[in-house]
Number of protein chains: 2
Amino acid sequence: MSPVKRLSTPPKQPPSKSTAAGRAPVTLRDIASVVGVSPSAVSMALADHPRIGRATKDAVRTAARELGYVANSAGRALRAGRATAVAVVVPNTAQHVFGHPYFMHLLVGVTSSANAHDSGLLVSTNPDQSHEVAAYDRILRSQTAAGAIIASAASNDANVSRMVDTGLPVVLVGRYPHLPQAVSVGVDDHAGAAAVTRHLVADHGLRRIGHISGPLEHQTALDRYEGFRAALAECAEPCAHTLAIGDFSEEAGRAGAAQLLDGMSDLQAIFAANDEMAYGALLELRSRGLRVPQDIALVGYDDFGVSRLTSPALTTVRVPAEQLGLHAADRLFDLIDGVAGEVTHTELPTELVVRESCGEHPAPTAAPTVTGTTAATG
Amino acid sequence: MSPVKRLSTPPKQPPSKSTAAGRAPVTLRDIASVVGVSPSAVSMALADHPRIGRATKDAVRTAARELGYVANSAGRALRAGRATAVAVVVPNTAQHVFGHPYFMHLLVGVTSSANAHDSGLLVSTNPDQSHEVAAYDRILRSQTAAGAIIASAASNDANVSRMVDTGLPVVLVGRYPHLPQAVSVGVDDHAGAAAVTRHLVADHGLRRIGHISGPLEHQTALDRYEGFRAALAECAEPCAHTLAIGDFSEEAGRAGAAQLLDGMSDLQAIFAANDEMAYGALLELRSRGLRVPQDIALVGYDDFGVSRLTSPALTTVRVPAEQLGLHAADRLFDLIDGVAGEVTHTELPTELVVRESCGEHPAPTAAPTVTGTTAATG
DNA sequence: CGCCCATGCTCAATCGTTAGAGCACTTCGA
DNA sequence: TCGAAGTGCTCTAACGATTGAGCATGGGCG
């Protein structure tokens, strides 16, 4: 068509360079014929096998680099009996219950670990619950992934225990008390919720507090609720508390706030189990003409980046989702490599992030309060 | 060596159940020995080959279902010469420039298409730019993915054209005017920006407007800026406009707003090139005691879910990121299947979302304004 | 001089799947 | 009654990487 080609790039197809960008993938055989040895020798040289001579290894590695050799993952996986990629499984139920930001942060963490391990990352969500055989089920059984990280919602999700039972390396994100043998990584929601509750009680002297929880069949929601109650119980003076059950959505936060306000007179503070419900609560408070924090204090949980955008900026508990993903992936690679380890459940610390939604904090706290233990044996 | 050959099935590892949950993966051979035919026949039966009898097909399919057979993707990929999975590539530069919500929405769309095509989804981000060979480069060259969807930031990203040149099926997300031969899917940012600008000019009668753009070497930022100017140019009365260049971050929005306010007296409106910068601008306006929308109007772009949480709720332009992902994946599967198609660039419509940040809109518009063309031939 | 061993490679087989060639058997038309 | 065509399957050979077995060669030692 055009009389002049790109430049420097000669006619692509035919005699071709030996560099990289060409069409046909480079195989061991290509390297073998360049170096003048057998494909087996090339394989062994690249694996640094002791029975291959120094000179041959050098020649092979040079040729591999020049040809731009990348091992065909299918061939390798077939021979090895397992793939190199790992999968992240997000059941659709989880997608709805948690928000998108959580998974994105998680993914970023998992990705960086996968990159460090030279490993691909498969992402699978369940298309619809009517499907008897879930998408991830197929992925795992087709040996596409060497292991899986599962971020599930319901603590009694049958799919989770089924997955754990397959014997495939699996790391769960979250806390699974009824699957004590499973490897899992989570945060100490109990401690985080207790910390933010204590902030309300101890730092601000509030005594009449309502909690908007998530669905209590979800471990996360339950832990946050129980952390809330535990913190109140340890309080010297009596504290009045009340509960509204939501589903982590903004709308549920709005409804929950309405329920709390109607149910308890002179409510002084609301602790929403996640930031999104806190926003909903904020809207409800505002529509009733209540000012935050002057008339009522408000705190959330998660801190996935938007909490600082509201007015007032929301005091909340930071969940280190990215670290969570990183850790989960690291644990998974350990499992895949057969590094057992005693620890089944790892807990990452949460951090209380004080902003404006409780008012000026009278007690000048030094460092940010970090809560949470690090490990538990199973 | 062994006196007896394979035959039907001598005691394998476990005498055990034949259902699914066990350890060893089910292969074609397992089905073959159950049904009493050769593995080839099983393969052909499952592929509905015409030369296989009805009875055999039924028997094979029944056995496959009962054993829970799932084809080993490595074996299949090796034989076929290409994988079934597709990759989503997110260069790290893009990750920083756009926000996380954009990619999550994109991913959701891509996932649903991949699920519909019974295909895995690989996610790859570039670990660090110092790496000469990028992670996605390896993924693609190792034949792990049959094709890739690339969401890049800079319009002149060398990696993008390199990827397109490999001959591997690739779909770009965004607009790439200098790569007209590449298949791409994007939104009509020019039209979207023009629509929201017209909203300010025509519906609200504002005449002194500032724009906070993204980095102008990014096609998206450029298109939005030019749409803004085009809308002003078509206005009958003269409109004063000014520009501050940002980087799509909240902080840049704050700085940009300050620059605009200092640079033009009696500024009536600010159009930020994305919602995050609009938040930043909002903070700056508020800190100067300017009320939105009473003293100054503010609009954003993207509408990835949080725009409605601010006060006032932000008028913005909705970018259908999920549809974008869905479409991109569909186009990619077409490419992989050899379905060529004349169209190289597909544009999805954007939608003006009117909320509170411009004040009551005097002109009672009927339906939401949808802008954008659908296709262009290359 | 003969043996052993270390070194450095090649050979062949294997992973699971699939396409094409080929082989038995049946049916049909001439 | 015989070939031709059709039907239904089996056999074989790949795809690319890996690995244990095996085969040369050469040096050291008795």
Side-chain angles (χ1 to χ4, degrees), chain A residues 24-60 63-64 67-85 118 138 141-144 146, chain B residues 1-2 5-8 12-13 23-61 63-64 67-85 118 138 141-144 146:
Chain A
V26 181
T27 71
L28 282 184
R29 205 154 20 221
D30 298 327
I31 300 178
S33 75
V34 166
V35 177
V37 292
S38 72
S40 328
V42 175
S43 173
M44 296 166 92
L46 291 175
D48 207 24
H49 193 285
R51 298 287 291 272
I52 299 293
R54 179 58 44 196
T56 306
K57 279 182 185 172
D58 289 345
V60 164
L67 295 175
Y69 171 76
V70 177
N72 178 310
S73 59
R76 182 172 280 177
L78 184 55
R79 172 68 223 228
R82 67 171 156 92
T84 52
D118 239 31
R138 271 188 295 110
R141 296 249 292 287
S142 68
Q143 313 262 275
T144 308
Chain B
M1 286 304 176
S2 57
K5 251 298 159 74
R6 207 34 92 80
L7 214 352
S8 58
K12 270 222 150 145
Q13 295 303 76
R23 194 61 40 96
V26 181
T27 71
L28 284 182
R29 201 146 35 210
D30 299 327
I31 300 178
S33 76
V34 167
V35 178
V37 293
S38 72
S40 326
V42 175
S43 172
M44 296 166 92
L46 290 175
D48 207 25
H49 193 286
R51 297 287 290 275
I52 298 293
R54 180 58 44 195
T56 307
K57 280 182 186 172
D58 289 345
V60 164
R61 284 202 266 255
L67 295 176
Y69 171 76
V70 177
N72 178 311
S73 59
R76 180 171 281 178
L78 184 55
R79 170 70 222 218
R82 66 170 157 94
T84 52
D118 239 29
R138 271 187 295 111
R141 296 249 291 288
S142 67
Q143 313 262 275
T144 308

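What you see is a predicted model, and the numbers here were worked out from it, not measured in a lab. In what follows, chains are A, B, ... by sequence order, proteins preceding strands, each numbered from 1. Heavy atoms only: backbone and side chains are in, while hydrogens, waters and symmetry mates are out.
- Looking at A:R141, its side chain does come within 3.5 Å of a backbone N or O of B:G68 through a donor-acceptor pair.
- Between C:dC15 and B:R29, a contact under 4.0 Å exists linking OP1 or OP2 to a side-chain N or O.
- You'll find the side chain of B:L46 reaches within 4.5 Å of the side chain of B:Y69, heavy atoms only.
- Nearest nucleotide to the B:R51 side chain, out of C:dG22, C:dG16, D:dA17: C:dG22.
- Within residues 71-84 of chain B, the residues that place at least one heavy atom under 4.0 Å from DNA chain D are, in residue-number order, B:L78, B:R79.
- Across the protein-nucleic acid pair, B:Q143 atom CD and C:dT17 atom P stand 19 Å apart, rounded to whole Å.
- Comparing A:T56 and B:S40 by the nucleotide of DNA chain C that holds the closest heavy atom to each, the one mapping nearer the 5' end is A:T56.
- Listed by chain and residue number, nothing satisfies the side-chain hydrogen bond (donor to acceptor under 3.5 Å, both in side chains) test with A:T84 (two or more places apart in sequence, or in another chain).
- Within the 4.0 angstrom heavy-atom criterion, no nucleotide atom of any strand lies near A:V42.
- The NE2 atom of A:H49 sits 14 Å away from the C1' atom of C:dA6 (whole-angstrom rounding).
- Panel note: side chain B:D30, backbone B:T27; a donor-acceptor pair is recorded below 3.5 Å.
- Residue A:S43 is tested with A:V60, A:I31, A:L28, A:I52 for a side-chain contact (heavy atoms from CB on, under 4.5 Å); the sole match is A:L28.
- Between A:R54 atom CZ and C:dC9 atom C1' the separation is 16 Å, expressed in whole Å.
- B:D48 has its CG atom 17 Å from the C1' atom of C:dT17, to the nearest Å.
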The test is side-chain contact (heavy atoms from CB on, under 4.5 Å); show your working for B:V35 and B:R61 and say whether it passes. CA-CA 10 Å; B:V35 178; B:R61 284 202 266 255; over 6 Å; no

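- At whole-Å resolution of the value, CE in A:M44 and P in C:dT10 are 10 Å apart.
- Here side chain to side chain donor-acceptor pair (under 3.5 Å) pairs that include residues 31-40 of chain A, with residues two or more places apart or in two chains, number zero.
- Counting to the nearest Å, the P atom of C:dG8 and the CG atom of A:D58 are 13 Å from each other.
- Atom CZ in A:R141 sits about 15 Å away from atom P in C:dG16, given to the nearest Å.
- Place B:G36 and A:S43 on DNA chain D by their nearest nucleotides, and B:G36 ends up nearer the 5' end.
- Contact between the side-chain N/O atoms of A:Y69 and the OP1/OP2 oxygens of D:dA17 is found at a separation under 4.0 Å.
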